[in-house]
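Each remark here refers to the structure printed beneath this line.
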Amino acid sequence: MIEKTYQPADIEGRMAAAWEQAGAFKAGRADRIDAEPYTIVIPPPNVTGSLHMGHALNNTLQDVLCRFERMRGRDVLWQPGTDHAGIATQMVVERQLTERQEPGRRDMGREKFLERVWQWKAESGGVIVNQLKRLGASCDWSRERFTMDEGLSRAVVKVFVQLHREGLIYKDKRLVNWDPKLLTAISDLEVQQIEVKGSLWHLRYPLQGKTFDPDDASTFIVVATTRPETMLGDSAVAVNPDDERYTHLIGKQVILPLVGRLIPIIADEYSDPEKGSGAVKITPAHDFNDFEVGNRHGLPRISILDIEGRLALEDNEDYLRGLPEGSAQLVEELDGMERFAARKSIVARLEDFGFLEKIEPNTHMVPHGDRSGVVIEPYLTDQWYVDAKTMAQPAIAAVRSGATSFVPKNWEKTYFEWMENIQPWCISRQLWWGHQIPAWYGPDGKVFVAETEEEAVGNALGYYVEQEVITEEQGHDMALDPEKRAGFITRDEDVLDTWFSSALWPFSTLGWPDDATDVERYYPTNVLVTGFDIIFFWVARMMMMGMHFMKEVPFPTVYIHALVRDEKGAKMSKSKGNVIDPLHLIDDYGADALRFTLAAMAAQGRDIKLAPQRVEGYRNFATKLWNACRFAEMNECFLPPDFDPTQATEVVNRWIAHETARASREITEAIEAYRFNDAAGAAYRFVWNVYCDWYLELAKPVMMGEDSPAKTETRAMVAWARDEILKLLHPFMPFITEELWAVTAPRSGLLALTPWPLKARGLSREQEALIIATAASDPLAAPILMATPEPTGDFRDDAAEAEIGWVVDLVTAVRSVRAEMNITPSTLTPLVLAGASAETQARAVRWSDVIKRLARLGEVSFADRAPEGSVQLLIRGEVAALPLKGVIDVGAEQARLAKELAKAEADIKRVDAKLSNEKFVANAPEEIVEEEKEKRAEAVARKTKMLEAMERLKGAV
RNA sequence: GGGCGCGUAGCUCAGCGGGAGAGCACCUCGUUGACAUCGAGGGGGUCACAGGUUCGAUCCCUGUCGCGCCCACCA
């Protein structure tokens, strides 16, 4: 029994439980052991995450594909899991500690802190998973993984060690993007360039050997900078070798103001005569470009900041080296000063001594940490890097060759652009939460990388024994006792970038490197579904790692979907307060409505501007479906087990079978091509505008009538088409369809596991017959293929389409004219078919009940000519007349006819213009020309009928 | 500075070489036996602008204007 009203919240919980209980989404089910696998790995959401609109879209699309392929009999593995999200998670837990006024991370110590994070994960890490379940995601939840699982951690270590051995991971001291708030290095991708209104300070650097005079430009050189505080670390001034203003100064020295250090004026192409003063200060330790210049000229790197971005001058050997007497005072005054305060202070001092020439307003891009939001400091440290340039080569080639392709294709350009200009990937992070780098150091800083501590320590001790740093006996003791080697062999404290483990996701989740069984069966995956915002972060890196370790692309297709924005097109963000919470939408309208909305809007573009009203509209669609099923139930529509829709005899039934097959094909082809919006649109139109608006209405008179073979057949067909609809909609609206599936008939299994409409699989008649025959003799395949008897005949029926088309046209035209003429619904108007063909007359008789009901007609009769004073309609070339003498306003009808006539004449004129154009006739394809000729004939006929109608109307006056 | 994309009905968006579509909103009518979360009918668009290609352009090409996004170390 179907409930009277559709209440999503009620059924969603029940259906989710039913799927869970049946193990419906488990990969490798016994009944599919011989089936072809279909694999998708979920883009793992952060454990700290909660479902936002992007997740909702992303997972809806994946779920549509998975449910679709599952119904087509594939062994679907949708691999779920979450990402440990290093920085984000650590921040969450640290915030929690602060809120609870507990000791901070550093006070607590690494081990304790990590315990706390795991504890937090156990308590709160499951939130997003449950939210995905609410959305209806048909993942194999029994296989849920986490990037810091034991198995995945082993994969990380193995990959690190192997890449290190191959020289593709190395340690290097160079400038990194340093986050002075989070106190860690971050990768280029985690840096956001933000436009900032700042200043350009022009500073005077006195030339050595001249007496500095602010009013005498020959005594100094002007450099322009946006970061005056870094001048403390300057080690040169660069000018362009071709810049004639400065050529005479090349090789001379300047005295660094305030500091007193002598630094050279060098010639370097980097200096752009157009920019600033044409002379630029070089600070190799605090600027990426200057670093390069410094390397070219062998300049010292003078780092003047500490990890928190404060001036660090005292005890700073690099800074103090070569400074004149008397510089101690400055060091004392400035040491420990925060960088922006230092900027002010230094500018003030420069101004005091006349070293500041001018300040110009200057808007420029300033790097910010995407997590911390603070200004990133280029900072000189030791970090681990992946040789991304080398690893990118096979990944680029794979896309070039088409082994992997992007949908839509234009994203490949973005991919190539980035991959071909890729920089070394900084993978070490000064955090605690993450995969600790498997590297150990000896007392001289030598690195030992190995998969286990045991191995690394063994190697290290062996080495130091050999080097006679320690005795064999000492080495033996240290090998056995961690305490004894403490301080001698130490492990690298740092952890890896979160994306390092994510890059392995397509194979690490399948058991690599421990167990190859699932890797063999499910790798490579079939498609990756994701947003363009993580092409670089994730897709590119999976391609690199997949190519390197699996020697095969991780996925042949990357489907890039849009980003969800708010109604005005702004990116949703908490700070803007424009976030639409998908869970609220689910509460208000149901998960099915939300899913359908997202699928319907998933046209391949850049972004989706979501208006909540859309969701309401699709909730109404679900209600419509619900009520259509109730209607079938009320009319005792059941599907007999041996029913064959292709063998129907009633025209209306043949017609709906034909239309259903057409819709199935459309939907199937659209999903196969990742045109989710087309698939959803086709389903929507079929269910509402074909099945509900016409088929059920046309079927009503038969179903309300006496029992008859026609009634029996119609009941069966109503049920058959309904079942097909439930199948076709299931990938988009799994909950409501599963519920309706269960309550509309006794079923042997879940809709989620029911075969997709077979005719829609694009198989030939012979192939289908073969499958059906195989299924009959193969018990394993039976549950999949035999659940529904498959049709034996052909669905296509042009005659039925023509006949129902006539009915639809007639009813629509009559309704339209009735509305225009303001005829009240209670007035039943007679219908006279004038000069109707035998075929039309037969149709009119067959459909008399229906057209009377739907068009509010009285008697239906035939005549040679339309009665005088009647409204005359043209239905498929023949006249249908409504004798409304006295009822209608003749003037209005005249106007209506005149309008129709004018339209017909305009049509003729337009077509004639084409057909009389020799070039058109000569150049246009034949079928187009034929089409135009047909149009002309039709328009001429229409014109004739209109003229006649006007004559008849005159007669009435 | 490079790259990508968008400007189609009041709003949100499809379409993309042969007379423009949907949902919502709007107007009129409707308690007809699944559904008022509904039904019937209707109004509303020189498809940003200007050139070009073509027999034919909303669709292809070029340019202009407006908007958005991504990448980039430019003082």
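The figures that follow rest on heavy atoms only: side chains count, while hydrogens, waters and symmetry mates do not. Naming convention: chains lettered A, B, ... in sequence-line order (proteins, then strands); numbering from 1 in each chain. Computed from a predicted model, the values in this text were never measured in an experiment.
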Seminar exercise, completed: Quick note, A/N917 side chain, CB onward, closest among B/A34, B/C55, B/C73 is B/C55
Exercise. Within the structure shown, what part of the strands sits under 4.0 Å from A/T812 by heavy-atom distance: base, sugar-phosphate, or nothing?
Worked result: sugar-phosphate
Exercise. For A/A721, which residues count as a side-chain contact (heavy atoms from CB on, under 4.5 Å) partner, sequence neighbours excluded?
Worked result: A/I656, A/T660, A/Y691
For this session: Report the residues that fulfil salt bridge (Lys or Arg N to Asp or Glu O under 4.0 Å) with A/R296, sequence neighbours left out, ordered by chain and then residue number.
Result: A/D268
For this session: Please list, by residue number, the residues of residues 924-937 of chain A whose heavy atoms come closer than 4.0 Å to an atom of RNA chain B; answer none if no residue qualifies.
Result: A/A924, A/P925, A/I928, A/E932
For this session: Can you tell me which residue pairs pass the side chain to side chain donor-acceptor pair (under 3.5 Å) test with a partner in residues 916-929 of chain A, sequence neighbours excluded?
Result: none
Seminar exercise, completed: Residue set satisfying side chain to side chain donor-acceptor pair (under 3.5 Å) with A/S816, at least two apart, ordered chain then number -> none
For this session: With heavy atoms under 4.0 Å as the rule, sort A/I2 into base, sugar-phosphate or nothing.
Result: nothing
Seminar exercise, completed: side chain to side chain donor-acceptor pair (under 3.5 Å) filter on A/E616, not counting sequence neighbours, yields none
Exercise. With sequence neighbours left out, what residues match A/R715 under side chain to side chain donor-acceptor pair (under 3.5 Å)?
Worked result: none
Exercise. Dot-bracket for RNA chain B, 5' to 3', with Watson-Crick and G-U pairs under 3.5 Å, [ ] for crossing pairs and | for other-strand pairs: what is it?
Worked result: ((((((((.[[[[.)..(..]]]].(((((.......))))).....[[[[[..)....]]]]])))))))....
For this session: May I have all residue pairs that pass side chain to side chain donor-acceptor pair (under 3.5 Å) and include part of residues 617-629 of chain A, sequence neighbours excluded?
Result: A/R614-A/Y618, A/N627-A/R630
Problem set entry | Under the side chain to side chain donor-acceptor pair (under 3.5 Å) test, residues paired with A/D242 that sit two or more places apart | none
Seminar exercise, completed: Taken to the nearest whole Å, CD/A/Q192 to P/B/C73 is 13 Å
Problem set entry | Candidates B/A25, B/C55, B/G41 - which lies nearest the side chain of A/A819 | B/G41
For this session: Scan A/M365 against the nucleic acid and name what it touches under 4.0 Å (heavy atoms): base, sugar-phosphate only, or nothing.
Result: base
For this session: Measure from NZ or CZ of A/R204 to the centre of the six-membered ring of A/F220 and say whether it is under 6.0 Å with the direction within 45° of the ring axis.
Result: yes
For this session: State which residues pass salt bridge (Lys or Arg N to Asp or Glu O under 4.0 Å) with A/E900; sequence neighbours excluded, sorted by chain then number.
Result: none
Distances for protein N or O near nucleotides 37-39 of chain B N or O, under 3.5 Å:
{"unit_1": "B/U37", "atom_1": "O4'", "unit_2": "A/N620", "atom_2": "OD1", "d": "3.4"}
{"unit_1": "B/U37", "atom_1": "O2", "unit_2": "A/R619", "atom_2": "NE", "d": "2.9"}
{"unit_1": "B/U37", "atom_1": "O2", "unit_2": "A/T623", "atom_2": "OG1", "d": "2.5"}
{"unit_1": "B/C38", "atom_1": "OP1", "unit_2": "A/N620", "atom_2": "ND2", "d": "3.0"}
{"unit_1": "B/C38", "atom_1": "O3'", "unit_2": "A/K624", "atom_2": "NZ", "d": "3.3"}
{"unit_1": "B/G39", "atom_1": "OP1", "unit_2": "A/K624", "atom_2": "NZ", "d": "3.1"}
{"unit_1": "B/G39", "atom_1": "OP1", "unit_2": "A/W688", "atom_2": "NE1", "d": "2.5"}

Exercise. Reckon A/K700 touches a base, only the sugar-phosphate, or nothing at all at heavy-atom distances under 4.0 Å?
Worked result: base
